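Below is one structure; the comments refer to it alone.
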Amino acid sequence: MTTTLLRTAGDLHARARTGRRAVVMTMGALHEGHATLIRTARGLAGREGEVVVTVFVNPLQFGAGEDLDRYPRTLDADVKLAEQSGADVVFAPAVDEVYPGGEPQVRITAGPMGERLEGASRPGHFDGMLTVVAKLLHLTRPDVALYGQKDAQQLALIRRMVRDLNFGVEIVGVPTVREEDGLALSSRNRYLSPAERRTALALSRALFAGQDRHAAQEALRARAREVPATRARAEALSAIGESRAAADAHAVATAVPGGPAAVRAAARQVLDEAARLDPPLALDYLALVDPSDFGEIGDDFTGEAVLAVAARVGTTRLIDNIPLTFGTLGAAS
């Protein structure tokens, strides 16, 4: 397959379409995480469809003091990786193609959901992100658009925008791709020194610690449901040397639900330890949220949730998250 590089929306619109068009939006510096998105898009588009990868470093997403100027531009390598992964087109427009009148006077506003977590740390970021996503959806005219779950709040806001503003496109989230040591793939990982990278591993370790605590709690709750809290049952278990199992199960069955608090505590312990490393990890936030609005969940919450973390190591800011499911819907995702 030969991938075509296009610079204008007119050239993209002139292409004949015979099947579904799947779009993967990127800011370039493509890596295996992007490749996974492109391969997934290829599967959704099918042999008769078309996969378009956009490469555009959006200036509206960068606030004061952020890394717009040093953000890596590697278009030749991006086209090669896109081609190897199954893309038909790389659409790499110039800034004046996306914003022909300069910075847009009318923009998409992310609302209260966009003011939390990443939005609180990076004011205006999500307004800029949604504005460019809306424009690129119009410019590329896809049937389906794919985004990585590593940027969970971004994905949730795009889904909300598409639903609230009646965009005629299907949004698909693709699971986070990790390196062998657990670090979530990101274009910013290249900024980390070897020592900083060792510290940065605390992000994924913290998430996995929270996930492990959650899985253990769900297993105990399942045991509690299977072990009636009766004297006769406890005596029978004790007789065969399982008194501890009975005690654990009964304690979980009668305790006030505290799953989310325990998950947060397990993750925070790892992050607190990383803050004492050299170089240290500077925590921005650790949150356990409802993905429908990214508000913190309470201890009586049941359903799908996201455990999310953001931190700086040196001058590099990293984010990561994992999905969890509490209560009636089962154990960890």
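For reference, positions follow the sequence shown, starting with 1. This structure is a prediction, so every number in the text was calculated from the model and none was measured.
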task = Give the C-alpha distance, both sets of side-chain angles, the deciding distance and a yes or no for side chain to side chain contact (heavy atoms under 4.5 Å, CB included) between T316 and N189.
result = CA-CA 8 Å; T316 304; N189 291 353; over 6 Å; no

inquiry  = Among residues at least two apart in sequence or on other chains, which ones pass salt bridge (Lys or Arg N to Asp or Glu O under 4.0 Å) with D284?
reply    = R317

Expected output: side-chain D127 to main-chain R107 donor-acceptor under 3.5 Å = no

key: Sidechain N-carboxylate O distance under 4.0 Å for E273, R205   = no

message = Donor-acceptor pair, distance only, cut-off 3.5 Å: does the side chain of N321 make one with the backbone of L307?
response = no

ask   = Does R20 reach the main-chain N or O of G46 with its side chain, forming a donor-acceptor pair under 3.5 Å?
value = no

query = When you measure from the side chain of Q153 to the backbone N and O of E118, does any donor-acceptor pair fall under 3.5 Å?
reply = yes

Heavy-atom side-chain contact between M129 and I158 under 4.5 Å = yes

query = Which is it for K135 and E97 under the salt bridge (charged side-chain N to carboxylate O under 4.0 Å, His left out) test, yes or no, and what are the steps along the way?
reply = CA-CA 11 Å; K135 290 180 73 70; E97 175 74 11; over 6 Å; no

query = Is there side-chain contact between L75 and L5, with heavy atoms separated by less than 4.5 Å?
reply = yes

ask   = Ignoring hydrogens and geometry, is there a side-chain-to-backbone donor-acceptor pair from D320 to V309 under 3.5 Å?
value = no

task = Verify, without hydrogens or angle tests, whether D293 (side chain) and M113 (backbone) share a donor-acceptor contact under 3.5 angstrom.
result = no

ask   = Can you tell which of L286, V306, V289 makes a side-chain contact (heavy atoms from CB on, under 4.5 Å) with L117?
value = V289

Atom pair CG/NZ of L318 and K150 - distance to nearest 0.5 Å = 7.5 Å

remark   = The reported gap from CZ in F167 to CZ in R159 (rounded to nearest 0.5 angstrom) is 15.5 Å

ask   = Between R15 and L12, is any pair of side-chain heavy atoms under 4.5 Å apart?
value = yes

ask   = Would you find a donor on one side and an acceptor on the other, under 3.5 Å apart, between the side chain of E83 and the backbone of T3?
value = yes

task = Would you name the heavy atoms of H125 and Q61 that are closest together and state the gap between them?
result = ND1-O, 3.0 Å

task = Check for a donor-acceptor pair, side chain of R178 on one end and backbone N or O of L183 on the other, with a separation under 3.5 Å.
result = no

key: Side-chain (R213) to main-chain (A266) donor-acceptor, under 3.5 angstrom   = no

task = Identify the residue among L165, V132, V133 that makes a side-chain contact (heavy atoms from CB on, under 4.5 Å) with I108.
result = L165

ask   = Does T18 use its side chain to pair, donor to acceptor, with the backbone of E48 at less than 3.5 Å?
value = yes

request  = Indicate yes or no: at least one non-hydrogen side-chain atom of N58 is less than 4.5 angstrom from one of T131.
outcome  = no

remark   = From the list V79, T74, D78, V24, side-chain contact (heavy atoms from CB on, under 4.5 Å) with V55 holds only for D78

